[in-house]
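Small disclaimer: the values here were computed from a predicted structure and weren't measured.
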Amino acid sequence: RGDTAGHNVFDNLFSFTTSQLTVITGVPTHGKSNWLEHICIRLAAQSNWNFGVFSPEHYPLQLHFSVLAEKFIGKSFRDLNMYERMSREELNNAKHFIADKFNWIRPDGDIFTIDAILSAAAGLVKRHGIKGLIIDPYNKIHAPFGSQSETQYINDFLTKLTIFKQKYDIHIFLVAHPRKMSKKDNGLYEVPTLYDIAGSANFYNQVDNGITVYRNFETNFIHVYVQKVKFRHIGEIGEAVFNYNLQNGRYYEQIEQPDNNPYIKQFQQ
């Protein structure tokens, strides 16, 4: 098995290793990016993973940093009366940790191509030894179909990612929005599957792993569905249910207590 995130139920379902392509989907505002960042912070702190990050929706960079800092320290970045705020020393520790473990990719210009993103990621593999590449989200990447159909383009796009993760031995996390989902009689959205991702069924067919993050707004539980695992040693299909800690952006399973402890000890080791 690969490295685990430190959540008992989810760890039994899924582990993280290199040379893998994982697509993560979910209805907008259900927290798929936030949950993925929580997992990546834990992999960085506990298993020494370095990441390349292409995430144009999370700009300015200072805002993205504050979100990651809260997850790392376990305290709020903001001055909220009801929550303990991180100290200046803790903020500096977060700066050093994030600068060491996370490397942002921002190609020149306003048009982001997958070739430019992967070229920058290849440089990060050589300079910083990144083990994970986050592409969040797919729909911000320029898609010149030309004479191709959208299905053909996505097939070629995913093939490029597959070749890249094999060549450079890294884990690629691709966040992709589903098509517009219908609501059930109770007003809640249906749980999207990988086949619901806008554009092509290749988002199921070509990837190694697929995860859906779904928030139930009646219970406020976050349901994480592992919907595809290509290799049995990595994990299996199933569901883990999380709560969300508003103070620090971390997630914890129903059987766990909220985790407000900093990851400083693991990082210093």
Side-chain angles (χ1 to χ4, degrees), residues 1-26 31-54 101-102 118 121 124-125 129-138 154-155 157-176 178 191-197 200-214 222-242 250-256 266:
R1 301 200 75 208
D3 294 320
T4 53
H7 295 296
N8 289 337
V9 176
F10 182 74
D11 289 350
N12 287 331
L13 295 176
F14 198 78
S15 63
F16 299 88
T17 188
T18 51
S19 292
Q20 295 281 292
L21 171 57
T22 298
V23 65
I24 297 174
T25 192
K32 54 186 177 295
S33 297
N34 204 18
W35 180 84
L36 174 60
E37 289 167 350
H38 165 79
I39 295 296
C40 290
I41 280 284
R42 292 176 75 92
L43 288 173
Q46 298 170 0
S47 300
N48 202 33
W49 281 51
N50 290 359
F51 290 90
V53 183
F54 171 75
K101 297 298 179 185
F102 291 84
L118 294 182
L124 293 177
V125 172
I130 65 170
K131 293 180 69 174
L133 170 63
I134 301 169
I135 300 176
D136 181 12
Y138 160 75
I154 292 173
N155 180 71
F157 172 89
L158 294 174
T159 298
K160 287 184 178 181
L161 296 187
T162 298
I163 293 171
F164 188 88
K165 56 101 172 174
Q166 293 172 343
K167 179 178 179 180
Y168 291 97
D169 190 30
I170 67 171
H171 193 128
I172 299 178
F173 300 88
L174 175 65
V175 177
V191 177
T193 70
L194 303 188
Y195 286 116
D196 292 315
I197 298 176
S200 172
N202 280 316
F203 282 109
Y204 180 91
N205 298 331
Q206 280 226 45
V207 302
D208 298 306
N209 315 296
I211 296 173
T212 294
V213 178
Y214 179 85
I222 289 80
H223 299 257
V224 176
Y225 299 94
V226 179
Q227 297 193 339
K228 179 182 180 180
V229 182
K230 185 175 181 180
F231 299 105
R232 288 184 296 173
H233 70 283
I234 296 297
E236 61 186 54
I237 294 171
E239 174 189 5
V241 182
F242 289 84
R250 292 181 181 177
Y251 291 78
Y252 59 101
E253 292 181 345
Q254 289 179 301
I255 59 176
E256 300 172 336
Q266 295 95 317

>> Which residues pass the salt bridge (Lys or Arg N to Asp or Glu O under 4.0 Å) test with Lys228, not counting sequence neighbours?
In response: none
> To the nearest 0.5 Å, how far apart are CZ in Phe173 and CD1 in Ile134?
Replying inline: 7.0 Å
>> Show the nearest heavy-atom pair for residues Trp49 and Gly132, with the distance to one decimal.
In response: CE3-N, 4.1 Å
>> Assess the residue pair Phe16 and Ile39 against the criterion (side chain to side chain contact (heavy atoms under 4.5 Å, CB included)); give the C-alpha distance rounded to whole Å, side-chain angles, the decisive distance to 0.1 Å, and a yes or no.
In response: CA-CA 10 Å; Phe16 299 88; Ile39 295 296; 3.5 Å; yes
> Could you go step by step and tell me if Val226 and Phe10 meet the side chain to side chain contact (heavy atoms under 4.5 Å, CB included) rule?
Replying inline: CA-CA 9 Å; Val226 179; Phe10 182 74; 4.0 Å; yes
> Would you call Asn34 and Tyr251 a side-chain contact if the rule is heavy atoms closer than 4.5 Å?
Replying inline: yes
> Do the non-hydrogen side-chain atoms of Thr17 and Phe231 ever get within less than 4.5 Å of each other?
Replying inline: no
>> Working note: Asn155 + Gln206, criterion side chain to side chain contact (heavy atoms under 4.5 Å, CB included); need CA distance, chi angles, decisive distance, verdict.
In response: CA-CA 8 Å; Asn155 180 71; Gln206 280 226 45; 2.4 Å; yes
> Side-chain contact, heavy-atom cut-off 4.5 Å: Trp35 with Ile211?
Replying inline: yes
>> Between Val23 and Tyr204, is there a side-chain heavy-atom distance shorter than 4.5 Å?
In response: no
> Are the aromatic rings of His7 and Phe242 close, with centres under 6.0 Å apart?
Replying inline: yes
> Considering all heavy atoms of both residues, which atom of Leu161 and which atom of Ile172 are nearest to each other, and what is their separation?
Replying inline: O-CD1, 3.5 Å
> NZ/Lys32 to CD/Glu37 distance, rounded to the nearest 0.5 angstrom?
Replying inline: 12.0 Å
>> Holding to side chain to side chain contact (heavy atoms under 4.5 Å, CB included), I want the full list of residues that pass it with Asn209, two or more places apart in sequence or in another chain.
In response: Phe14, Gln20, Thr22, His171, Val229, Ile234
>> Testing the basics here: between Thr25 and Pro178, what is the closest heavy-atom pair and its distance to 0.1 Å?
In response: OG1-CD, 3.5 Å
>> Which heavy atom of Ser33 sits nearest to which heavy atom of Val175, and what is that distance?
In response: OG-CG1, 4.2 Å
> Looking at Ser200 and Ile154, what are the two nearest heavy atoms and their distance?
Replying inline: CB-CD1, 3.6 Å
>> Is there a side-chain contact between Ile222 and Val213 in this structure, where contact means two heavy atoms from C-beta onward sitting under 4.5 Å apart?
In response: yes
>> With heavy-atom distances below 4.5 Å as the criterion, would you say the side chains of Leu124 and Leu133 are in contact?
In response: no
>> My understanding is that only residues two or more places apart in sequence, or in another chain, count here; which of them pass salt bridge (Lys or Arg N to Asp or Glu O under 4.0 Å) with Lys167?
In response: none
>> Within this structure, what is the OH-CD1 distance for the pair Tyr168 and Ile130, rounded to the nearest 0.5 Å?
In response: 10.5 Å
> Quick one: does Thr212's side chain have a donor or acceptor within less than 3.5 Å of a partner on Tyr225's backbone?
Replying inline: no
>> Show the nearest heavy-atom pair for residues Ser19 and Lys165, with the distance to one decimal.
In response: O-NZ, 3.2 Å
> Can any side-chain N or O of Asp196 pair as donor or acceptor with the backbone N or O of Thr193 at less than 3.5 Å?
Replying inline: yes
> Rounded to the nearest 0.5 Å, how far apart are CD1 of Ile24 and CG of Leu36?
Replying inline: 4.0 Å
> Quick one: are Phe164 and Leu21 in side-chain contact, heavy atoms under 4.5 Å?
Replying inline: no
>> Under a 3.5 Å distance rule, please check whether Lys101 uses its side chain to pair with a backbone N or O of Ala44 as donor and acceptor.
In response: no
>> Do Ile170 and Lys131 make a side-chain contact, defined as non-hydrogen atoms from C-beta onward lying under 4.5 Å apart?
In response: no
>> Please report the interatomic distance CG(Asn205) to OH(Tyr195), rounded to the nearest 0.5 Å.
In response: 5.0 Å
> Which word best sums up how the rings of Tyr138 and Phe157 line up, parallel for under 30°, tilted for 30 to 60°, or perpendicular for over 60°?
Replying inline: perpendicular
